[in-house]
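Remarks on the structure that follows.
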Amino acid sequence: MKEQLAKIKEEALASFSSAADAARLNDLRVKYLGKKGELTAVLKQMGKLSAEERPVMGQLANDVRAALETALEDCSKKLEAAALERRLKEETLDVTIPGKAVSIGRQHPMNIALDELKTIFIGMGFTVLEGPEVELASYNFDRLNAEEGHPSRDWSDTFYFDEDSRVMLRSQTSPMQIRAMETMELPIRIIAPGRVYRKDEVDATHSPMFHQVEGMVIDKGVTMADLKGTLNTVVEDLYGAGTRTRFRPHHFPFTEPSCEMDVQCHKCGGAGCPTCKGEGWIELLGAGMIHPRVLEMSGIDPEVYTGWAFGIGLERMALRRFKIADMRLIFENDMRFLEQF
Ligand code: PHE
């Protein structure tokens, strides 16, 4: 029995110190010290011993048990320490490795152009308004003096939502004139930028969605001279002092008289070149004195108040501002293009 105990002790100690991890060590604990373990098996044979031998063997068995328990404790501590060491090594953070650069976005060229325009108009006392892209035809057409049958109301030009052509995607920012008249106190000075929609095929100068900036002033004694003076100031601010403009007669249902404003070609200075298609001038916006009927329909007395309005195409402005040849670049979101601004 003595030999048995000695053998168990020797084997157990050897196997403990070679255990690879805590789970394995626990298995060994069960194998030697558990209820069905080897040491317990030996102790069960104690009954066969003589009365003198029993306490001696009992003492010996207890010593072995104590030795094994101490060894287990030691090994377990060593394994824990080793595991911690390993984890610390695996999880070290190398603060000297260069970080991943965050790519910072930049402003879209059209927003740059819009911001420049806003800054100029805000400086002149204008308020910036925004309004719905899904608009009532009454705002987009009727109250802008474009009656039933007006060509711009045609289904082939306009995105309607309903059979009766009452709800639509606005085809211009001009309905914001009416919304401003409805909600604001006179005198009014506003600009209203935003998206507009028309059934146009995509090409270098067209898109079914594009941006306009509406401008409007209503006050007592406002004349066409104010319109020209204001727009000339804006153009010189944007394109440099001395930039020339030209006003041509035109027609819009909601202005009378109406005009279009051209800016002298920035490429050729007016001599004529491919950029201006040989004209020397580039069309920039539509404008005019607000039609008395439009004022009247919104409850403003045209005998007391007069006003002017303009609508400018923002893409066209950005193309000119950054000398971009094709409008599609504005919408394609190609990073190689956008990163240049
Ligand atoms: N809404 C007109 C267009 O889209 C532009 C315009 C605005 C003309 C205001 C006159 C006054 O063509």
Side-chain angles (χ1 to χ4, degrees), residues 114 117 121 126-133 135-147 150-154 156-159 168-182 188-200 205-219 222-232 234-235 245-263 282-295 297-298 300 302 305-317 327:
L114 176 58
L117 203 65
F121 276 102
F126 284 64
T127 303
V128 182
L129 283 192
E130 274 181 37
E133 290 168 31
E135 186 55 285
L136 297 170
S138 60
Y139 285 87
N140 196 92
F141 294 128
D142 300 290
R143 291 177 66 179
L144 285 165
N145 200 34
E147 292 139 359
H150 191 276
S152 63
R153 302 184 73 132
D154 204 280
S156 60
D157 292 329
T158 302
F159 294 102
M168 58 181 286
L169 286 173
R170 68 180 175 190
S171 62
Q172 51 186 355
T173 44
S174 299
M176 289 308 291
Q177 292 182 29
I178 308 304
R179 289 183 176 275
M181 289 182 213
E182 222 171 45
I188 295 171
R189 278 197 291 274
I190 56 122
I191 57 167
R195 294 191 188 91
V196 301
Y197 302 84
R198 291 179 195 176
K199 283 188 183 163
D200 283 330
T205 53
H206 290 88
S207 158
M209 187 279 291
F210 58 102
H211 295 72
Q212 286 187 335
V213 181
E214 195 78 7
M216 181 179 77
V217 169
I218 305 176
D219 202 348
V222 170
T223 70
M224 191 92 184
D226 299 310
L227 168 66
K228 291 178 84 168
T230 306
L231 291 178
N232 279 335
V234 172
V235 164
T245 59
R246 175 174 85 170
F247 292 80
R248 284 177 292 102
H250 201 76
H251 172 79
F252 299 104
F254 38 92
T255 45
E256 183 58 38
S258 304
C259 61
E260 277 190 333
M261 188 186 83
D262 303 333
V263 182
I282 294 173
E283 182 199 317
L284 199 64
L285 56 83
M289 298 304 292
I290 300 173
H291 199 295
R293 280 232 287 280
V294 172
L295 291 173
M297 275 189 273
S298 287
I300 296 170
Y305 285 96
T306 49
W308 53 256
F310 69 84
I312 187 167
L314 197 52
E315 282 78 4
R316 193 174 292 179
M317 244 194 70
M327 193 160 95

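Just so you know, ligand 1 is whichever comes first in the structure, and atom 1 is the first atom listed for that ligand. We're numbering straight along the sequence, starting at 1.
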Which is it for Gln212 and Ile312 under the side-chain contact (heavy atoms from CB on, under 4.5 Å) test, yes or no, and what are the steps along the way? CA-CA 5 Å; Gln212 286 187 335; Ile312 187 167; over 6 Å; no

With a 6.0 Å cut-off on ring centres, are Phe254 and Tyr139 close enough?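 Judged by ring-centre distance (under 6.0 Å), Phe254 and Tyr139 do not meet the cut-off.
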
Are Arg179 and Glu130 within salt-bridge range, i.e. N to O under 4.0 Å?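 Salt bridge flag = no for Glu130 with Arg179.
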
Decide, yes or no, whether a salt bridge links Asp154 with Lys199 under the criterion of side-chain N to carboxylate O below 4.0 Å.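 No, this pair does not count.
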
List the atom of Asn140, the atom of Gln172, and the distance in Å for their closest heavy-atom pair.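 Asn140 and Gln172 have their closest heavy atoms at O-NE2, 3.0 Å.
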
With no hydrogens and no angle check, just 3.5 Å: does a side-chain donor-acceptor pair link Arg143 and Ser298?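 Their side chains do contain a donor-acceptor pair, which is all the 3.5 Å distance test asks for.
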
Just list the N/O pairs, ligand 1 to protein, that are under 3.5 Å apart, with the distance for each.
| residue | atom | partner | partner atom | Å |
| --- | --- | --- | --- | --- |
| ligand 1 | 1 (N) | Gln172 | OE1 | 2.8 |
| ligand 1 | 1 (N) | Ser174 | OG | 2.9 |
| ligand 1 | 4 (O) | Arg198 | NH2 | 2.9 |
| ligand 1 | 4 (O) | Gln212 | NE2 | 2.9 |

